[in-house]
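Just so you know, residue 1 is the first one in the sequence shown, and it goes up from there. Counting starts at 1 for both ligands and their atoms, in listed order.
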Amino acid sequence: MLTDAGCRYVILGHSERRADHAESDAQVAAKAAAAHKAGLIAIICVGETEAQRDAGQANSVVASQLKGSIPEGATAANTVIAYEPVWAIGTGKTATPDDVKAMHAHIRAELAGKTADPDAVRVLYGGSVKPGNAAELMAVENVDGALVGGAALKADDFWAIATSCR
Ligand SMILES: O=C[C@H](O)COP(=O)(O)O
């Protein structure tokens with residue numbers, strides 16, 4: 001149905017699905033496999049809560065989510081990863097460029113063995129991306145794009161983000 005409507009990408013494992021609907025890593029992986037089978041590109045979201053970051057568990061949480069959520073047969077062509085720290089989504093709080101750099105390097109390393117071509121997988125950052133921080137975040141190593149929520153509701157803001165990513 002989605003492909004009939006012209007859809008090419010689906011977002012899976014968003015923190016709201018994981019937190020509010022108890023969606024497990026295994027369910028995310030099953031949905032991603034179904035998306036691949038239907039010819040869709042799966043954007044698989046991962047990210048730690050504030051409590052997990054404060055407890056020093058951010059890397060292990062994200063590694064575990066990647067391990068459980070990426071299905072067999074994932075490639076750079078059919079899978080995109082979105083790192084969305086839960087505490088930054090819709091809150092106005094944004095991870096620092098240094099934090100994003102460290103986490104995206106961690107994700108890149110963790111993709112080895114989980115996808116056919118880990119260095120080519122696009123890894124997006126999401127969480128309060130705005131016109132004022134987009135360029136700085138998109139310049140971070142291993143950041144291949146943004147997953148924009150609230151700012152996408154304002155055409156001028158979204159356009160400013162899009163143009164700052166070029
Ligand atoms: O669904 C959207 C993303 O989670 C990011 O949302 P945000 O840009 O409003 O923080």
Original post:
Near A88, which atoms of ligand 1 are under 4.0 Å from a heavy atom of that residue?
Top reply: 10 (O)
Original post:
Does A82 have a non-hydrogen atom less than 4.0 Å from ligand 1?
Top reply: no
Original post:
Does the side chain of D25 pick up a donor-acceptor pair with the side chain of S69 at under 3.5 Å?
Top reply: yes
**OP:** Please examine the side chains of Y83 and L124, heavy atoms only from C-beta on, and report whether any two atoms are closer than 4.5 Å.
**Re:** no
Subject >> Polar proximity ligand 1 side, S128 side, N/O cut 3.5 Å exclusive >> reply: yes
Original post:
When you check the gap from the basic side-chain N to the acidic O, do E23 and R18 get nearer than 4.0 Å?
Top reply: no
Original post:
Linking I/L/V/M/F/W/Y whenever any side-chain heavy atoms sit under 4.5 Å apart, do Y125 and I43 land together?
Top reply: no
Original post:
Is there a donor-acceptor contact under 3.5 Å linking the side chains of T49 and Q52?
Top reply: yes
Original post:
Any heavy atom of G126 sitting closer than 4.0 Å to ligand 1?
Top reply: no
Original post:
Are side-chain N/O atoms of T79 and H36 paired as donor and acceptor at under 3.5 Å?
Top reply: yes
Original post:
Looking at I89, which atoms of ligand 1 are within less than 4.0 Å of one of its heavy atoms?
Top reply: 4 (O), 6 (O), 10 (O)
Original post:
Against heavy atoms of G90, which atoms of ligand 1 measure under 4.0 Å?
Top reply: 7 (P), 9 (O), 10 (O)
Original post:
Which residue and non-hydrogen atom of the protein lie closest to atom 8 (O) of ligand 1, and at what distance in Å?
Top reply: G149 N, 2.9 Å
Subject >> Distance filter under 4.0 Å to G127 heavy atoms, resulting ligand 1 atoms >> reply: 10 (O)
Original post:
Of the listed options (K93, K130, H14, E84), which comes nearest to atom 5 (C) of ligand 1 when hydrogens are ignored and any heavy atom counts?
Top reply: E84
Original post:
Ion pair present between K67 and E110, side-chain N to carboxylate O less than 4.0 angstrom?
Top reply: no
Original post:
Taking N or O atoms only and a 3.5 Å limit, does G150 qualify as a polar contact for ligand 1?
Top reply: yes
